[in-house]
There are 2 protein chains.
Amino acid sequence: MFFMRSINTPDTFPPRSHAAKRQSILDAGARVFYQEGFAGANIDMIAAEAGVSRQTVYNNYGDKEKLFAAVVGEITERCNARAFAVLGTFPDRPRNLEADLVAFALRFNSNCTCDRDGKFLRKLIQSEGARHPELFASWRTEGPGKVWSALAARFARLAFAGFLDVDDPDIAARQFLALINMELQLPAMFGETLSEEDFVLSTRRAVRTFLRAYGRRDGLAPEMAETALQA
Amino acid sequence: MFFMRSINTPDTFPPRSHAAKRQSILDAGARVFYQEGFAGANIDMIAAEAGVSRQTVYNNYGDKEKLFAAVVGEITERCNARAFAVLGTFPDRPRNLEADLVAFALRFNSNCTCDRDGKFLRKLIQSEGARHPELFASWRTEGPGKVWSALAARFARLAFAGFLDVDDPDIAARQFLALINMELQLPAMFGETLSEEDFVLSTRRAVRTFLRAYGRRDGLAPEMAETALQA
DNA sequence: GACGAATTGGACAAGTCCGTCTAAAAATAT
DNA sequence: ATATTTTTAGACGGACTTGTCCAATTCGTC
């Protein structure tokens, strides 16, 4: 029993290195800022959550504001990196277009928009974005700015290969994201999570609607598309 | 010059009634809570914004928490009332389906989701919803709970009359809203507003995608639908 | 084992904010 | 005009936070 630190933090009794402590401060900061907002969070909570003295927080990050910036920066980076990793799994030559897009949408949501980092950013940007726009500037250029156009490029490729009928790939990409995120927003606002089945079901319906709008209207079969891709 | 009260509040020199003061406290509370969040807002700001002494705030609402609840309650009511008013203008017998849906979407957004009350609720629910779920419970049942199904009913009617090909009106309604709100979310997070042209343009594209997904695929003309409705 | 660096716990000043109280001023009703 | 109620400005206590300081302790490394 003597090696018990805190209730909510993983038990890290064997003393951590300097770097490990820096990291647990960031993690604790993320948790507390997420729940309490910037104004509501206090350094003592964060220090306790991180299993560290308050002074160590100040030694490492100097300031509540600077700590917040560090947390936002780290999470922005992680979030964008993960988004691009998932973008790499976009189906370029789908064997079953609908199923492949559903799988991709599920991956994208559960790894990017629905995970802890994604929820953190959405909530914090919503509540602090207007007050500290500089803080989220890098998220904005790297996140929506690049992810959207990268996704648009993948849709354009799919359209060129004959799988889709897309006039404006940028719009299509954004509408795709809007549709697959639809059901997640309201529960996220209340800190709830969708059940796995509802999650899959709503994603299926989103992709189906997307394909009804952007699927090919002429009678071209996917086989034709294969040959078109090779040309 | 002697009749100057505050910089940001409308000049209301002729003394206001009790009710008028109660109202300006609510309005000021909405503004301040919106910008600063619950934890960041302080009563002195609100009193100053309302052109009222701090004590009057306490006399009328007793408590910061109770004032917040009152503000949320009032705005929820206004917001839902306006949403249902706009829902009443849904095109039941469209002469031009696309144009009528665009007009409806523009009305809905600018009067409900995009106006001050709508932005207030979205932001506050995002930042305080997880902490005070009871506060927003009435918004949730009256807002999304009823607006969505009312909109679904209108779409169902449109489908029955032959204008649309809708399998699940509930999903269609939610997807319609997701599409027409798409471009508004990101700017709203940073306190920016879309230009009027971009607003209209994005609404047009949303409705077009919606109609590509839910428009009739067989060759039935809207004239046929008219006769079907009368039967 | 010993040395320098990092960490701890707690005390501390300064500031903020909530909610209460009071006496004077203003508004309202009679 | 007078009595009653509301409003105002300001002071106040208490609680909470931020950020600094410091002496004692622990850690990493030689």
Side-chain angles (χ1 to χ4, degrees), chain A residues 2-6 9 11-29 31-71 128 131-132, chain B residues 2-7 9 11-29 31-71 127-128 131-132:
Chain A
F2 60 88
F3 49 81
M4 205 168 148
R5 283 282 166 96
S6 156
T9 43
D11 210 23
T12 53
F13 173 63
R16 292 153 294 174
S17 68
H18 183 83
K21 281 192 180 174
R22 268 185 79 91
Q23 189 56 49
S24 35
I25 294 172
L26 278 188
D27 290 345
R31 279 194 296 270
V32 175
F33 282 131
Y34 174 73
Q35 294 178 333
E36 316 286 338
F38 180 79
N42 72 0
I43 303 288
D44 292 298
M45 275 191 232
I46 295 173
E49 268 275 308
V52 143
S53 77
R54 177 175 57 245
Q55 187 60 38
T56 303
V57 178
Y58 282 105
N59 284 343
N60 279 281
Y61 294 100
D63 202 317
K64 187 180 181 184
E65 208 101 30
K66 291 202 198 78
L67 172 61
F68 186 60
V71 171
E128 319 285 346
R131 204 198 323 276
H132 311 286
Chain B
F2 59 90
F3 47 82
M4 203 168 153
R5 282 280 166 98
S6 154
I7 297 188
T9 42
D11 210 21
T12 52
F13 173 63
R16 291 154 294 174
S17 67
H18 184 83
K21 282 190 180 175
R22 270 184 78 91
Q23 189 56 48
S24 34
I25 293 173
L26 279 188
D27 291 345
R31 280 193 296 270
V32 175
F33 282 131
Y34 174 73
Q35 294 178 333
E36 316 287 337
F38 181 79
N42 72 1
I43 304 287
D44 293 298
M45 275 190 233
I46 296 173
E49 268 274 309
V52 145
S53 80
R54 178 177 53 246
Q55 187 60 37
T56 302
V57 177
Y58 282 104
N59 284 344
N60 278 283
Y61 294 100
D63 202 319
K64 188 181 180 183
E65 209 100 29
K66 292 202 198 77
L67 172 61
F68 185 62
V71 170
S127 48
E128 321 284 347
R131 203 198 323 276
H132 310 286

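The chains referred to below are lettered A, B, ... by the order of the sequence lines, with proteins before strands, and numbering in each begins at 1. Atoms considered below: every heavy atom in the structure, side chains included; atoms not considered: hydrogens, waters and symmetry mates.
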Any donor and acceptor pair, going by atom type alone, linking the side chain of Glu128(B) with main-chain N or O of Phe38(B) inside 3.5 Å? yes
Separation of dG15(C) C1' from Asp44(B) CG (nearest whole Å): 14 Å
Rounded to whole angstrom units, what separation is found between the OH atom of Tyr58(B) and the P atom of dT22(C)? 17 Å
Gap between atoms CD and P, on Glu36(B) and dT16(C) respectively (whole Å): 15 Å
Gln55(A) or Ala41(A), whichever maps to the more 5' nucleotide of DNA chain D: Ala41(A)
Under 4.0 angstrom between Thr56(A) side-chain N/O and dA6(C) OP1 or OP2: no
Could you tell me how far apart Asn59(A) (CG) and dT20(D) (P) are, to the nearest whole angstrom? 10 Å
Interatomic distance, CG@Asn60(B) vs NZ@Lys66(B), rounded to 0.5 Å, equals 12.5 Å
Given dG19(D), dT8(D), dC18(C), identify the nucleotide with an atom nearest to the side chain of Lys64(B). dC18(C)
Here the distance between atom P of dT17(D) and atom CZ of Arg54(A), to the nearest Å, is 11 Å
Round to the nearest Å and state the distance from Asn42(A) atom CG to dA15(D) atom C1'. 13 Å
Residue-phosphate contact under 4.0 Å: Lys21(A) side-chain N/O, dT8(C) OP1/OP2: yes
What is the distance, to the nearest angstrom, from the NZ atom on Lys66(A) to the P atom on dT18(D)? 14 Å
Are the side chains of Lys64(B) and Phe33(B) in contact, using a 4.5 Å heavy-atom criterion? yes
Heavy atoms from C-beta onward define the side chain here; which of dT7(C), dC18(C), dG19(D) lies closest to that of Asn60(A)? dT7(C)
Counting N and O atoms only, with roles assigned by atom type, does the side chain of Tyr61(A) sit under 3.5 Å from a partner on the main chain of Arg22(A), one being a donor and the other an acceptor? yes
Could you state the atom-to-atom distance from CD1 of Ile43(B) to C1' of dG10(D) in whole Å? 17 Å
